[in-house]
Q: 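Take a look at this one; I'll ask things after.
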Amino acid sequence: MENKKVRVRFAPSPTGGLHLGGVRTVLFNYLFAKQHKGSFIVRIEDTDQTRFVEGAEQYIFDCLQWCGLVPEESPVNGGPFAPYRQSERKEIYKQYALKLVEKGHAYYAFDTPAELEEKRKAIPNFQYNHQTRRQCTNSLTLSPEAVLEKLSNNTPYVIRIKMPEHETVTCHDMIRGTVEFNTSLCDDKVLLKADGMPTYHLAVVVDDYLMQITHAFRGEEWLPSAPVHILLWNYLFGLNKMPQWAHLPLILKPDGNGKLSKRDGERLGFPVFAMDWTDPATGNTTTGFKERGFLPEAFVNMLAMLGWNDGSGQEIFSLQELIEKFSIERIHKGGAKFDYEKAKWFNHSWLQKLPVQQYADKVKPYFENASINITNDAYLYKVMELVKERCQVLPDFVAQSSFFFQHPEQIDTASIAGKWNAAKQQFFAELIRTLELATIWDAENLEKDFKEMAAAHQLKPGELMLPFRIMLVGGKFGPHVFDIAATIGREATIHRIKHTLQLMQA
RNA sequence: GGAGCGUUGGUCAAGGGGUUAAGACGCAUCCCUUUCACGGAUGAAUCACGGGUUCGAUUCCCGUACGCUCUACCA
């Protein structure tokens, strides 16, 4: 086991948007694989035909691509253990189910869904288990002849695991240590459905075996069914071949408790999916981190810190650093509440850390949306550099810098009207002439001229700065006002002064 | 109801028998900045509760409470 090549897998069910928690599971898989020079595999668990959603699979790969967590083997790029889509592996599973029946670890069950529904209604807390299976219609209660007859006339059936009585199944979890289960308390899970498809329980162990998975990461919600999987491993392939389990803590909603859901995001106004997801049935789009203006670096970083840290207090990690420093021992046992404010802080940090050229293309669409045409990349970089520390997410660049590209739509004259007077009016009128004659157009000289003029007019620069800012920006925000003037240029600066001057006279 | 898992500030969390119980986010106040932001400073936790063990428990043990997950021919 130790010298086997590490192989891990992410096994999503393509039923809709890719949840935060799913991406974190991918991330931990990926980090572990890369750290051990192993392989990261994506296997599509589409055994429930009733839950097929058009486009959901492609969407998952788009998300992984965006995050930079690309698998070595998957349905899209193939691999030595293809196919990687369980629906295309349907024939494989049945033989294993049959093998279990032969060995007495599983049995045919002919109870219809309606009959089971009735039992559940009639008997409180009904479970199909070692006690109740005697009252059900299955190959344990029917004579061999009757079973054969039902089988030969195509009576629908499922195959269930026959949970042993009074056995202890031990799960050695890499995060939680030893967890024990009493098999008498487990029920006889369906392994093979009436449509011939396996359930998750069968498929996961068969495929993990066939694909030679060495370490299996999954959400904590799977822990209660671990005994089923471990038993299956024991019956089918031997415990020595079983991957090592790691059940990851859940990501919880920010208010109250419980798993974070898509609904919580909608309710509280933040994304839960990695990327925008449009439900083909309803046409409704659920917003994603990407479209909200998150950098994948920040998104991945934030996810890694939800349930893991390296103990040093460092919080900003590149993917490469995460690969180097990741360790299962330092994964938390308890769930973590998702904090959108902190998520934005991560993004802000990455916006400062990365060169603006590296993500300028990602902010362009937001300018386009606001009908601002970016024609000069160098100018865009300069502006981004000036405003980036005020931006948490990509769309903030538009709000923080639109005035660099077009005249402000609104001038907040109310903020200066109270202290406006003839002296100021005259100062700015004269400033226009000074600016027209300025030989060197940079922030330093602009500021010098401005202050000299203020002194000549016996006005305090402080009284003039805010009006000047309002003229250029339209509001009380933005970088240093002389940087703005220097950047937008002589013509625009003068034009904006004139414009506000007119407004103030009116 | 049953089983399993979990529980350090509002949130993420470090620490793990003796500490002034780190740090980050957020919040509040202040400084810097003639805007906003950045940066800096300061403030806020009897480590869920109750028993043990111990000279000493937030740290070890046992209970209790609370929360969560699962309990489908869904994953």
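Just so you know, these numbers come straight off a predicted model, no measurement behind them. Every chain is numbered from 1, with letters handed out A, B, ... down the list of sequences. Side-chain atoms are counted along with the backbone in the values below, which use heavy atoms only and exclude waters and symmetry mates.
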Q: Taking only residues two or more places apart in sequence, or in another chain, which ones meet A/His499 in a side chain to side chain donor-acceptor pair (under 3.5 Å)?
A: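 Applying side chain to side chain donor-acceptor pair (under 3.5 Å) to A/His499 gives none.
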
Q: Between A/His247 and B/G6, is there a side-chain N or O to OP1/OP2 distance below 4.0 Å?
A: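 For B/G6, OP1/OP2 do not have a side-chain N/O of A/His247 under 4.0 Å.
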
Q: Mind checking if A/Leu250 touches a base, just sugar-phosphate, or nothing, with heavy atoms under 4.0 Å?
A: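 Counting heavy atoms under 4.0 Å across all strands, the contact made by A/Leu250 is with sugar-phosphate only.
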
Q: Looking for any heavy atom pair under 4.0 Å, which part of the strands does A/Glu45 touch: base, sugar-phosphate only, or nothing?
A: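 Sugar-phosphate contact only.
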
Q: Roughly how far, to the nearest 0.5 Å, is CG of A/Leu380 from CZ of A/Phe397?
A: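 If I round to the nearest 0.5 Å, the distance is 8.5 Å.
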
Q: Using Watson-Crick and G-U wobble pairs whose two distances are both under 3.5 Å, how do you write the pairing of RNA chain B as dot-bracket, with | for links to another strand?
A: (((((((..(((.....[....))).(((((.......)))))....(((((..]....))))))))))))....

Q: Quick check for you: to the nearest 0.5 Å, what is the distance between A/Glu444 atom CD and A/Glu447 atom CD?
A: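 Spacing of CD (A/Glu444) from CD (A/Glu447) equals 8.5 Å.
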
Q: Please list, chain by chain and in numerical order, all residues satisfying side-chain contact (heavy atoms from CB on, under 4.5 Å) with A/Ile316, sequence neighbours excluded.
A: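 Result, side-chain contact (heavy atoms from CB on, under 4.5 Å) vs A/Ile316: A/Asn301, A/Trp345, A/Phe346, A/Ser349, A/Trp350, A/Lys353.
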
Q: How far does the C1' atom of B/A13 sit from the matching atom of B/C25, given to the nearest Å?
A: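 My reading of the C1' atoms in B/A13 and B/C25 gives 11 Å.
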
Q: Let's see if you can work this out: which of B/A75, B/U35, B/A3 has an atom nearest to the side-chain heavy atoms of A/Leu185?
A: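 From the listed options, B/A3 comes nearest.
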
Q: Which whole number of Å gives the distance between the C1' atom of B/C61 and that of B/G2?
A: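 That atom pair is separated by 26 Å.
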
Q: Please tell me which of the listed nucleotides, B/G67, B/C38, B/U35, lies nearest to the side chain of A/Arg469?
A: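 In terms of side-chain proximity for A/Arg469, the closest of B/G67, B/C38, B/U35 is B/U35.
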
Q: Any salt bridge (Lys or Arg N to Asp or Glu O under 4.0 Å) involving residues 83-97 of chain A? Give me the pairs, sequence neighbours left out, ordered by first then second residue.
A: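 Found A/Glu57-A/Arg85, A/Arg85-A/Glu88, A/Arg89-A/Asp207.
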
Q: How far does OH of A/Tyr96 sit from CG of A/Leu202, to the nearest 0.5 angstrom?
A: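 Rounded to the nearest 0.5 Å, the OH-CG separation comes out at 10.0 Å.
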
Q: I'd like a table of atom pairs between the protein and nucleotides 70-73 of chain B - only N or O on both sides, under 3.5 Å - with the distance next to each one.
A:
{"from": "B/C70", "atom 1": "OP1", "to": "A/Lys259", "atom 2": "NZ", "distance (Å)": "3.4"}
{"from": "B/U71", "atom 1": "O2'", "to": "A/Gln127", "atom 2": "OE1", "distance (Å)": "2.5"}
{"from": "B/C73", "atom 1": "OP2", "to": "A/Arg160", "atom 2": "NH2", "distance (Å)": "3.2"}
{"from": "B/C73", "atom 1": "O2", "to": "A/Ala194", "atom 2": "N", "distance (Å)": "2.7"}
{"from": "B/C73", "atom 1": "N4", "to": "A/Asp111", "atom 2": "O", "distance (Å)": "2.9"}

Q: Please measure how far the C1' atom in B/C55 lies from the corresponding atom in B/A48, and state the result in whole Å.
A: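 B/C55 and B/A48 have their C1' atoms separated by 27 Å.
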
Q: Work out how far the C1' atom of B/G50 is from that of B/C66, and round it to whole angstrom.
A: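 Approximately 14 Å lies between the C1' atom of B/G50 and that of B/C66.
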
Q: Should we count CD of A/Glu54 as having more than 12 external heavy atoms under 6.0 Å?
A: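 It does not: A/Glu54 CD has 12 such atoms or fewer within range.
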
Q: Answer with yes or no whether the side chains of A/Asn309 and A/Arg330 bring together a donor and an acceptor at under 3.5 Å.
A: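 Yes, because at least one side-chain N or O of A/Arg330 sits under 3.5 Å from a partner of the opposite role on A/Asn309.
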
Q: I need the CD-P distance between A/Gln314 and B/A22, as an integer number of Å.
A: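 A/Gln314 atom CD is separated from B/A22 atom P by 21 Å.
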
Q: Quick one: A/Asp255 CG to B/G67 C1', roughly how many Å, whole number?
A: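 Value for this atom pair: 14 Å.
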
Q: Using a 4.0 Å heavy-atom cut-off to protein, can you give one letter per nucleotide of nucleotides 61-66 of chain B, 5' to 3': B if the base is in contact, S if only the sugar-phosphate is, - if neither?
A: ------

Q: Between protein and nucleotides 26-28 of chain B, what N or O pairs are separated by less than 3.5 Å?
A:
none

Q: Taking 4.0 Å as the cut-off, does a side-chain nitrogen or oxygen of A/Thr47 come that near to OP1 or OP2 on B/A75?
A: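 A/Thr47 to B/A75 OP1/OP2: side-chain N or O found under 4.0 Å.
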
Q: Taking atom C1' of B/U35 as reference, at what distance in whole Å does atom CG of A/Asp483 sit?
A: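 Interatomic distance, CG of A/Asp483 to C1' of B/U35: 13 Å.
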
Q: Can you confirm if the aromatic rings of A/Phe28 and A/Phe10 lie within a centre distance of less than 6.0 Å?
A: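 No, they do not, as the ring centres are separated by 6.0 Å or more.
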
Q: For residues 404-418 of chain A, which residues have at least one heavy atom under 4.0 Å from RNA chain B?
A: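 Hits under 4.0 Å, by residue number: none.
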
Q: Taking atom C1' in both B/G15 and B/A57, compute the distance separating them and give it to the nearest angstrom.
A: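 Comparing C1' positions in B/G15 and B/A57 gives a spacing of 14 Å.
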
Q: Counting just side-chain N and O atoms, does A/Asn182 come under 4.0 Å of either OP1 or OP2 of B/A3?
A: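 No.
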
Q: With sugar-phosphate meaning primed atoms plus P, OP1 and OP2, does A/Arg330 contact a base, only sugar-phosphate, or nothing at under 4.0 Å between heavy atoms?
A: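 Contact class for A/Arg330: sugar-phosphate only.
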
Q: I want to confirm an ordering. Mapping A/His348 and A/Glu220 to their closest nucleotides on RNA chain B, which one lands closer to the 5' end?
A: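 Of the two residues, A/Glu220 wins.
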
Q: Name the residue closer to the 5' end of RNA chain B, choosing between A/Met465 and A/Asp48 according to the nucleotide with the nearest heavy atom.
A: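 Checking each residue's closest nucleotide, the 5'-ward one belongs to A/Met465.
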
Q: Just the rounded figure in Å: distance from C1' of B/C38 to NZ of A/Lys353.
A: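 So the NZ-C1' distance, A/Lys353 to B/C38, works out to 18 Å.
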
Q: To the nearest Å, give me how far apart CG (A/Leu231) and P (B/A3) are.
A: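 Those two atoms, CG and P, are 19 Å apart.
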
Q: When the P atoms of B/A24 and B/G43 are compared, how many Å lie between them, rounded to an integer?
A: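 Each nucleotide's P atom is 13 Å from the other's.
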
Q: Which residues pass the side-chain contact (heavy atoms from CB on, under 4.5 Å) test with A/Ala106, not counting sequence neighbours?
A: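 A/Ala106 satisfies side-chain contact (heavy atoms from CB on, under 4.5 Å) with A/Leu100, A/Val101, A/Ile159, A/Leu191 only.
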
Q: Pick base, sugar-phosphate or nothing for A/Glu180, based on heavy-atom distances below 4.0 Å to the nucleic acid.
A: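 Answer is sugar-phosphate: A/Glu180 comes under 4.0 Å of backbone atoms only.
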
Q: Measure the acute angle between the ring planes of A/Phe273 and A/His19, then classify it against the limits of 30° and 60° as parallel, tilted or perpendicular.
A: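 Ring orientation, 0 to 90° scale: perpendicular.
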
Q: About how many Å separate CG of A/Asn138 and OH of A/Tyr157, when rounded to the nearest 0.5 Å?
A: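 If we round to the nearest 0.5 Å, A/Tyr157:OH and A/Asn138:CG are 14.0 Å apart.
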
Q: For A/Gly307, answer base if it contacts any base atom (sugar-phosphate contacts may also be present), sugar-phosphate if it contacts only those atoms, and nothing otherwise; contact means non-hydrogen atoms under 4.0 Å.
A: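 Sugar-phosphate: the residue A/Gly307, judged by heavy atoms under 4.0 Å, touches backbone atoms but no base.
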
Q: Can you tell me how far C1' in B/G26 sits from the matching atom in B/U19, rounded to whole Å?
A: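 That atom pair is separated by 26 Å.
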
Q: Quick one: which residue pairs count as a side chain to side chain donor-acceptor pair (under 3.5 Å) with a foot in residues 456-468 of chain A, not counting sequence neighbours?
A: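 For residues 456-468 of chain A: A/Glu430-A/His457.
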
Q: Nearest 0.5 angstrom please: A/Trp245 CH2 to A/Asp208 CG, how far?
A: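 The distance works out to 5.5 Å.
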
Q: Applying a 4.0 Å non-hydrogen cut-off, can you work out what A/Gly478 is touching in the nucleic acid: base, sugar-phosphate, or nothing?
A: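 Base contact.
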
Q: Checking side chain to side chain contact (heavy atoms under 4.5 Å, CB included) between A/Tyr59 and each of A/Leu64, A/Val53, A/Leu18, which is the one that passes?
A: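 Only match with A/Tyr59 under side chain to side chain contact (heavy atoms under 4.5 Å, CB included): A/Leu18.
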
Q: Using whole Å, what does the distance between atom P of nucleotide B/C47 and atom NE2 of A/His332 come to?
A: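 In whole Å, B/C47 P lies 18 Å from A/His332 NE2.
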
Q: If a pair satisfies ring pair (Phe, Tyr, Trp, His ring centres under 6.0 Å) and one of its residues is in residues 164-200 of chain A, list it, with sequence neighbours excluded.
A: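 Ring pair (Phe, Tyr, Trp, His ring centres under 6.0 Å) check on residues 164-200 of chain A returns A/Tyr200-A/Trp222, A/Tyr200-A/His229.
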
Q: Considering every strand and a 4.0 Å limit on heavy-atom distances, what is the contact class for A/Arg51: base, sugar-phosphate, or nothing?
A: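 Base: the residue A/Arg51, judged by heavy atoms under 4.0 Å, touches a nucleobase.
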
Q: Between NZ of A/Lys99 and NE2 of A/His105, what distance do you get to the nearest 0.5 Å?
A: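 So the NZ of A/Lys99 and the NE2 of A/His105 are separated by 10.5 Å.
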
Q: Between B/C68 and B/C62, how far apart are the two C1' atoms, rounded to whole Å?
A: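 It comes out at 23 Å once rounded to the nearest Å.
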
Q: Salt-bridged, A/Asp339 to A/Lys342, with N to O below 4.0 Å?
A: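 Salt bridge between A/Asp339 and A/Lys342, a charged N being under 4.0 Å from a carboxylate O: no.
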
Q: Holding to side-chain contact (heavy atoms from CB on, under 4.5 Å), I want the full list of residues that pass it with A/Lys382, two or more places apart in sequence or in another chain.
A: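 So A/Lys382 forms a side-chain contact (heavy atoms from CB on, under 4.5 Å) with A/Thr487.
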
